[in-house]
Every structure is written in structure tokens, then in C-alpha cells.
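Please read the structure below before turning to the comments.
Heavy-atom basis, side chains included; hydrogens, waters and symmetry copies ignored. All of these numbers come straight from a predicted model, not from anything done at the bench.
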Amino acid sequence: MKTSRTSSMRPWHFFVILLLLAMMPCCMTSGTSNNLKQSENDGNECDTIVLVAGQRVCLPQVLGMQECSSHPAIQTRRGFHVTDASTTIGVYLTDSLASRLSELDSIALDEFVKLYTVQKTLDFDIDHDQIVQLSEMLNSQHIRKNWESSIGRPLRELFSDIAIDKYLIIENYSPRRNIMSTIYLTRMQNDNVDYDEYLAMNLSLCIIKGKLIWSAYYLQYDDRSTIEELKKRSDYFNLRLLQDNLD
């Protein structure tokens, strides 16, 4: 699909702050979507389809994970659904977490995926150059350090001069032309313990049927191997999303 370049650059600076808010992990008020329609197994091979700006988008089946966005425990959890900035279209939990949805408020989400859209980006089609530009704008709001030279340093020391609302940028790359991904590491303050926890996230800007879909894959950070594992798992997830939505 050929995209229009006339209005492609004009909206970015207007709503970049909304986009920055939309990528923050699990910190926004939830709501109920009134404009999202979902169908189960309507005769196509895809089990779950959501409508995004009039386009039918298939939510892929992913080995070891379950799509749980319709479950009441997800619907009422902060950060997962509708805000002024974004609308969640899919939430994937690992099989083990999905089996404990009734306990969701009392267990740690150590691995999950959130798929969402930002309304202002759905008014026009988007292309590769635009997701590269948007990725650069988002990353300009966060912190770049030499990750390889930082390995071995205590994370508390590494984050000593980084504000709690800033992310440490680990890597920025494009696994496919329709995907632009950035791996971040962020500090999560926990009032219940006397130490900080750290979460790795791969935020990917995905072009699906000409529209921008945000894919945020979160994984609890244990050590440097977490980064490679996150990259492998999130790339697999995003490629399934692309493959299941080929025109």
C-alpha cells in the first residue's frame, strides 16, 4: 500500500508526548474500549481478529503464551486498556501466568506482551521512514550508555544518575523493514521491598496493513542473558504478528 507523504511528518511533534506516555509500563488508568470490535473464529484461520482503523488485524497464536485481554482481571488492571493516549488491542501472558489470572493482583508479571494503538497515528498510513523517525524521537527522551562497558557494574550504580521515568537504551534495530525495535532497561520501584527491581522491554513499532501497532514485550531482568532472551522472544512474537497479517 502506497502511503501519503503530504501529512506524514506534520503530526509527529504534536503528539509525541502522548506517545511517550503510551509506552510507559503499567502506569496508566484503565478503561473500557467502545470502538474496538473483536470476533472469535469467524470462519477464517485466525481465532481472534480486532478492528484497527477499519482494518482486520489478526492476533497471532504464540507458543507458550495466551491472549487474555478480554479477561476481567486484565480489563480492570491499571495500564492495560484505554486512556486518552492509547487503546490496548491485545495482552499476552505466559501459560503459567494465564493459569493464575484470579491471583493477578498479588503476583508479579515477570513476562507479558501488550499490543496497542495510538489514535492520532491511525488517521493516516505509515511507512518505514516514518517509524524510523518516530523511534529516534522516542529514544531522544531516554538515556544512552555504552551497555557493553557497563556490564558487570551493579544496576543500582548504573541507574544512580537516571530519573525513575527514564529508560536506559540497550539496542535499537530493525529485524524487518516493517518493524523498528528498541530494547530498554528500566528501574521499577517497589514499596514492598527495600531494593529496586529491573524490567527489560522491547518496544517495537510495527506496520500492519499500513497502520502503526505498538508491541511492548516485557521480561523481568536477571542478568545480561535476559537481553538476548528478550530479543529472541520479542522478535519471534513480532514476526508472527506480521506473518499472520500479510495482505
Side-chain angles (χ1 to χ4, degrees), residues 23-28 30 32-33 36 38 40-41 45-50 57-82 86-116 155 167 170-171 175 179 181-204 206 213-245:
M23 68 181 282
M24 298 303 290
C26 298
C27 62
M28 292 196 262
S30 62
T32 303
S33 173
L36 179 66
Q38 190 166 341
E40 297 273 345
N41 200 2
E45 293 182 2
C46 183
D47 285 339
T48 305
I49 294 173
V50 295
V57 173
C58 176
L59 299 186
Q61 292 188 15
V62 178
L63 185 65
M65 305 193 88
Q66 297 179 34
E67 203 288 304
C68 303
S69 60
S70 62
H71 193 280
I74 295 294
Q75 295 263 344
T76 57
R77 189 176 176 107
R78 294 179 67 246
F80 272 139
H81 276 271
V82 178
S86 66
T87 298
T88 299
I89 62 173
V91 174
Y92 287 76
L93 302 183
T94 61
D95 288 342
S96 59
L97 284 174
S99 68
R100 302 176 62 192
L101 276 169
S102 61
E103 309 169 50
L104 197 61
D105 288 339
S106 60
I107 60 177
L109 293 180
D110 55 6
E111 182 177 0
F112 66 96
V113 183
K114 175 180 172 180
L115 293 176
Y116 61 100
L155 289 182
Y167 295 171
I170 305 299
E171 183 179 356
I179 305 174
S181 298
T182 304
I183 297 179
Y184 300 93
L185 188 61
T186 184
R187 176 180 48 175
M188 307 294 291
Q189 289 182 324
N190 191 331
D191 295 335
N192 298 320
V193 295
D194 59 359
Y195 57 88
D196 291 335
E197 296 177 329
Y198 298 89
L199 192 65
M201 174 180 70
N202 192 340
L203 180 66
S204 299
C206 304
I213 292 180
W214 303 66
S215 171
Y217 199 119
Y218 300 86
L219 188 62
Q220 180 177 309
Y221 182 85
D222 294 321
D223 53 39
R224 64 176 298 178
S225 66
T226 302
I227 301 302
E228 286 304 314
E229 191 62 29
L230 171 64
K231 187 174 181 180
K232 179 175 68 175
R233 296 184 192 188
S234 56
D235 285 353
Y236 170 73
F237 182 95
N238 291 332
L239 291 176
R240 283 299 311 271
L241 178 64
L242 283 186
Q243 182 179 359
D244 286 4
N245 287 283

Evaluate Leu219 against Asp110 for side chain to side chain contact (heavy atoms under 4.5 Å, CB included), listing each step before the verdict.
CA-CA 6 Å; Leu219 188 62; Asp110 55 6; over 6 Å; no
Could you give me the CA-CA distance, side-chain angles and deciding distance for Tyr221 and Leu230, then say whether side chain to side chain contact (heavy atoms under 4.5 Å, CB included) is met?
CA-CA 9 Å; Tyr221 182 85; Leu230 171 64; over 6 Å; no
Mind running side chain to side chain contact (heavy atoms under 4.5 Å, CB included) on Thr186 and Met201 for me, showing each step along the way?
CA-CA 8 Å; Thr186 184; Met201 174 180 70; 5.8 Å; no
Could you check Leu101 against Ile74 for side chain to side chain contact (heavy atoms under 4.5 Å, CB included), going step by step and ending with a plain yes or no?
CA-CA 8 Å; Leu101 276 169; Ile74 295 294; 4.1 Å; yes
Using side-chain hydrogen bond (donor to acceptor under 3.5 Å, both in side chains), reason through Ser204 and Ser181 one step at a time and then give a plain yes or no.
CA-CA 4 Å; Ser204 299; Ser181 298; 2.7 Å; yes
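Between the side chain of Tyr198 and the main chain of Asp223, no donor-acceptor pair closer than 3.5 Å is present. Using modelled atom types, one side-chain atom of Glu67 and one backbone atom of Val91 make a donor-acceptor pair closer than 3.5 Å. Although no hydrogens or angles enter the test, the distance criterion places a donor-acceptor pair under 3.5 Å between the side chain of Gln75 and the main chain of Ser69. Arg240 places a side-chain N or O within donor-acceptor distance of the main-chain N or O of Gln61, the cut-off being under 3.5 Å.
Taking the six-membered ring for Trp and thresholds of 30 and 60 degrees, Phe237 and Tyr217 have ring planes more than 60 degrees apart, a perpendicular arrangement.
Interatomic distance, Ile170 CD1 to Tyr184 OH, rounded to the nearest 0.5 Å: 11.0 Å. In this structure, Gln220 CD and Phe112 CZ are separated by 11.5 Å, a value rounded to the nearest 0.5 Å. Atom-to-atom distance recorded for Ile227:CD1 and Leu185:CG is 5.5 Å, nearest 0.5 angstrom. Distance check, rounded to the nearest 0.5 Å: CD of Glu229 to OG of Ser234 gives 10.0 Å.
Tyr92 has its side chain out of reach of Ser215: every pair of non-hydrogen atoms, C-beta onward, lies at least 4.5 Å apart. Counting heavy atoms from C-beta on, the side chains of Gln66 and Leu93 never come closer than 4.5 Å.
Here the shortest heavy-atom pairing between Asp235 and Asn202 reads OD1-ND2, 4.2 Å. The shortest heavy-atom contact between Leu109 and Leu97 is CD2-CD1, 4.0 Å. Taking all atoms of both residues into account, the shortest heavy-atom contact from Thr48 to Cys46 is O-SG, 2.9 Å. Here the closest heavy-atom approach between residue Cys58 and residue Asp244 is recorded as CB-O, 3.6 Å. Taking both residues in full, the closest heavy atoms of Met65 and Thr94 are given as CE-N, 4.1 Å, listed atom of the first, atom of the second, then distance. Heavy-atom minimum distance, Leu199 versus Tyr218: CD2-CD2, 3.5 Å.
Salt bridge status for Lys231 with Glu228: absent, with no side-chain N to carboxylate O gap under 4.0 Å.
When the options Ile179, Val62, Leu115, Val113 are evaluated for a side-chain contact (heavy atoms from CB on, under 4.5 Å) with Leu241, the one that passes is Leu115.
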